[in-house]
Amino acid sequence: MKIKAIYPGTFDPITNGHTDIIKRASKLFEHVTVGVAANPLKVPAFSLENRVELATRVLANINNVTVCGFDGLLIKFAKESDIQIIIRGLRAVSDFEYEFQLAGMNRTLIPEIETLFLTPATEYTYISSSLVREIATLGGPVDKFVSPIVCAALLKKCAKINN
Ligand code: COA
């Protein structure tokens with residue numbers, strides 16, 4: 001059975017932790033869409049266009065993964081894209097409550113789409129996009145947490161903020 005999955009998130013910006021989950025998912029499913037949510041309530045630091053571009057460049061070498069921005073409900077986008085599985089990453093027990101709620105809401109809205117959870121490698125369990133942005137803004141090194149492509153984009157953004 002050929003199954004298509006979506007890994008949704010804000011990706012502000014994409015980190016090595018996200019990439020780890022995406023690589024794992026790409027081995028399990030025929031195709032994985034990385035769904036970059038506009039998420040205006042979170043007031044992202046990078047525009048939707050920038051977040052999609054960064055993720056596309058970072059993931060360019062994985063054949064069965066494509067990156068797509070979306071605005072509005074995840075389940076609507078997933079249904080329109082003929083996707084059967086939503087992938088979410090669980091880094092620690094603290095992620096569980098929110099993820100359980102999200103999965104429950106999505107299942108109630110669209111019972112035929114399942115949510116599956118994957119865990120990243122141990123060294124990525126503490127990474128989050130907002131901490132990476134904070135370190136970069138304060139002039140710290142982020143090369144252990146994000147790809148060189150994202151590092152360069154963060155440096156550029158921080159130079160603008162600090163000047
Ligand atoms: N590696 C690194 N960081 C990770 C991670 C991993 N494997 N997994 C989660 N994170 C971090 C993110 O970096 C982010 O950190 P930050 O808050 O410090 O920036 C945090 O965990 C959560 O981010 P994310 O996984 O992107 O989820 P989100 O809560 O920002 O967005 C959506 C969740 C996009 C799936 C959800 O808001 C959505 O579906 N939106 C569309 C609208 C909709 O359908 N709403 C109804 C939902 S029922």
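One-based numbering along the sequence shown. Ligands are counted one by one from 1 in listed order, and the atoms in each one are counted from 1 as well.
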Handout entry: Short N or O distance, Arg88 and ligand 1, threshold 3.5 Å exclusive
Key = yes
Handout entry: Thr19, Thr15, Asn106: member with heavy atom nearest to atom 2 (C) of ligand 1
Key = Thr15
Practice task
Indicate yes or no: does an N/O atom of Arg91 lie under 3.5 Å from an N/O atom of ligand 1?
Solution key: yes
Exercise for the section: Look only at interatomic distance and state if Gly72 has a nitrogen or oxygen under 3.5 Å from any nitrogen or oxygen of ligand 1. Expected result: no
Handout entry: Ligand-side contact atoms (ligand 1) for residue partner Asn39, heavy atom cut-off under 4.0 Å
Key = 30 (O), 31 (O), 37 (O)
Practice task
Answer yes or no: is there a donor N or O on one side and an acceptor on the other, between the side chain of Arg51 and the main chain of Phe46, under 3.5 Å?
Solution key: yes
Exercise for the section: Please write down residue, atom name and distance for the protein heavy atom closest to atom 23 (O) of ligand 1. Expected result: Lys42 NZ, 3.6 Å
Completion exercise
A student checking ligand 1 against Gly9 at a 4.0 Å heavy-atom cut-off should list atoms 26 (O), 34 (C)
Fill in the blank from the handout: Atoms of ligand 1 under 4.0 Å from any heavy atom of Leu102, numbered from 1 in the order shown, are 47 (C), 48 (S)
Handout entry: Top protein contact for atom 16 (P) of ligand 1, by heavy-atom distance
Key = Ser130 OG, 3.6 Å
Completion exercise
When rounded to the nearest 0.5 Å, the distance separating CZ of Phe117 from CZ of Phe100 is 8.5 Å
Completion exercise
For Ala37, the ligand 1 atoms with a heavy-atom partner under 4.0 Å come out as 34 (C)
Exercise for the section: Say whether, by atom type as modelled, one donor and one acceptor occur between the side chain of Arg91 and the main chain of Pro120 under 3.5 angstrom. Expected result: no
Practice task
Please could you name the atoms of ligand 1 that Met105 approaches to less than 4.0 Å, counting only its heavy atoms?
Solution key: 48 (S)
Practice task
Tell me which protein heavy atom sits closest to atom 4 (C) of ligand 1, plus the residue, atom name and distance to 0.1 Å.
Solution key: His18 NE2, 3.5 Å
Exercise for the section: Please write down residue, atom name and distance for the protein heavy atom closest to atom 39 (O) of ligand 1. Expected result: Leu74 CB, 3.5 Å
Problem - Side chain Asn39, main chain Gly9, donor-acceptor under 3.5 Å - result: no
Practice task
Could you say whether the N/O atoms of Ser129 and ligand 1 ever approach to under 3.5 Å?
Solution key: yes
Handout entry: Glu112 CD: over 12 foreign heavy atoms closer than 6.0 Å
Key = yes
Practice task
Return a yes/no value for Phe70: is any of its N or O atoms, backbone included, closer than 3.5 angstrom to an N or O of ligand 1?
Solution key: no
Handout entry: Check: Glu114 and Gln84 side chains under 4.5 Å, non-hydrogen atoms
Key = no
Completion exercise
To atom 28 (P) of ligand 1, the nearest of Ile14, Ile6, Leu73, Thr10 on a heavy-atom basis is Thr10
Exercise for the section: Evaluate side-chain contact (heavy atoms from CB on, under 4.5 Å) for Glu49 paired with Val52, printing each intermediate quantity in order. Expected result: CA-CA 5 Å; Glu49 193 188 12; Val52 169; over 6 Å; no
Practice task
Mark yes or no for whether Thr15, through its side chain, and Gly17, through its backbone, hold a donor-acceptor pair below 3.5 Å.
Solution key: yes
Exercise for the section: Report the relative orientation of the aromatic rings in Phe77 and Phe70; use parallel for angles under 30°, tilted for 30 to 60°, perpendicular for over 60°. Expected result: parallel
Handout entry: Atoms of ligand 1 close to Tyr98 [distance to a heavy atom under 4.0 angstrom, numbered from 1]
Key = 29 (O), 33 (C)
Practice task
For atom 7 (N) of ligand 1, find the nearest protein heavy atom and state the residue, atom name and distance (0.1 Å precision).
Solution key: Gly17 O, 3.3 Å
Fill in the blank from the handout: Near Ile21 (heavy-atom distance under 4.0 Å), the atoms of ligand 1 are 7 (N)
Handout entry: 4.5 Å side-chain heavy-atom contact, His18 and Ser129
Key = yes
Practice task
Look at atom CZ of Arg107 and say whether more than 12 heavy atoms of other residues, nucleotides or ligands are closer to it than 6.0 Å.
Solution key: no
Exercise for the section: Could you find the nearest protein heavy atom to atom 3 (N) of ligand 1 and give me its residue, atom name and distance? Expected result: Ile127 O, 3.2 Å
Fill in the blank from the handout: Rounding to 0.5 Å, atoms CZ (Arg24) and OG (Ser26) come to a distance of 10.5 Å
Problem - Heavy atom of protein inside 4.0 Å of atom 35 (C) of ligand 1, strictly below - result: yes
Handout entry: Test item: Ile62 and Lys23 side chains (from C-beta on) under 4.5 Å apart, heavy atoms
Key = yes
